[in-house]
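Comments concern the structure below.
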Amino acid sequence: MTVIVQKYGGSSVATPEKLRRVASLVVERKRQGPKLVVVVSAMGDTTDELLTLAKQVTEKPPRRELDMLLTCGERISMALLSMAIGALGEEAVSFTGSQSGIITDDNHFAAKIIEVRPERLWQALDANKIVIVAGYQGMSTAREITTLGRGGSDTTAVALAAALNAEACEIYSDVDGVFSADPRIVEGARRIEAMSYREMETFAGAGAKVLNQEAVRFAREAGIVIHAKKTGLEGGKGTRVEAAPKEQRAVAGVAVKKGALLIDADLTLDALWKMLDAYRATPEALSAIGGKVAFALDLENVPEAALLRADLEKAGARAREGSVVSLVGEAIGSKAELVRRAALSATGCGRFTVESHRVLACVDDGAAAALAQRWHREFLG
Ligand code: ASP
Ligand code: MG
């Protein structure tokens, strides 16, 4: 029996009307025959709002309690969607991450899935019910509720697709797939028909928001093809993320990550790592020369961002907000001519760094769009 896993993002379920619309899309699909598992994100900006609430109670909310709080967002969506489907005459049943058998490690706020035991989902599917699952959450081996890192509902969908041996894993959002750059920033950005796991994983890590990086990593390891599509768009083509797309390219896209912290410090790597480890933060674009370090920090999965920044500044680091602009391509770092051209056109923009699958520049926010546009025109125009 065919199983399809679908995931609907926060903007697709942001209001009761939108939830009802998703319910009717789900029902329509169900009536075509497959067994359906539908993963949902929290409605609209719910997760951000819950985080803000926590910060109004204490400057440093414990990550365990944050996870208890944040998982409520997806529970609201799952219950409402299940009700809305019921009202359309199909039987649905909702499950939390832990009820779905999603077992994670104990790294609260950015937990990794280590196993999925979907017995209850199978039972419900066998009873011909539409299964709704709260995304972004699981239960640790110590039986604590965990979240999977921001944007983690995608990971839930991919993990369930793997565990249920699903025919397809469809990730729906408000854009029709992955574009070569954010069309709101870069003129001429185009939808990409098919991408490799490496390209997409790097693109997601570089700040492209359509798919979550950890979800793509999971898909690569489990061999799950992801279809990213726009909710309710008939005839939309979306993007396929798979092992070896037919059409290969040197450069896949340009991504801009805003709100990064750009840091210079006179610190040894050892001292730096101790400080970052305490917050489970990972540096990006790190360079270290003679007791000086420079790097960028993406603080999306560090709820104590302000405290970490204060610690760094106390240790004499200079920190400012900025953007990381990345030019992503499989093995681009080993293609000397491409690296040379990218570096040349980024001259004067900020610190330029080369990695295996992307080259990047840490720049002022004001300079990010222009560099993104320039790289896109030069390499993808
Ligand atoms: N609601 C969570 C977030 O905003 C998870 C998700 O949307 O995938 O990060
Ligand atoms: Mg969300």
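Throughout, numbering of the chain's residues begins at 1 and tracks the sequence. Order of listing sets the numbers, starting from 1, for every ligand and every atom in it. Because the structure is predicted, anything quoted here is derived from the model rather than measured.
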Pairs of nitrogen or oxygen atoms closer than 3.5 Å, one from E74 and one from ligand 1: do any exist? yes
R150/D48 ion pair, N-O < 4.0 Å: yes
Ignoring angles and geometry beyond distance, decide whether Y136 reaches within less than 3.5 Å of ligand 1 through its nitrogen or oxygen atoms. no
Contact check, G10 vs ligand 1, heavy-atom distance below 4.0 Å: no
Salt-bridged, E337 to R341, with N to O below 4.0 Å? no
Taking 4.0 angstrom as the limit and counting only heavy atoms of S41, give me the atoms of ligand 1 inside it, by number and element. 6 (C), 7 (O), 8 (O)
Nitrogen or oxygen atoms of G149 and ligand 1 under 3.5 Å apart: no
Testing the 3.5 Å rule here: is there a donor-acceptor pair between the side chains of Y136 and D154? no
Between T146 and T104, do the side chains contain an N or O donor and an N or O acceptor separated by less than 3.5 Å? yes
Residues in side-chain contact (heavy atoms from CB on, under 4.5 Å) contact with Q248, at least two apart in sequence or another chain: none
Note: ligand 1 atoms sitting under 4.0 Å from heavy atoms of R150 are 3 (C), 4 (O), 9 (O)
Can G135 be said to touch ligand 1, with heavy atoms closer than 4.0 Å? no
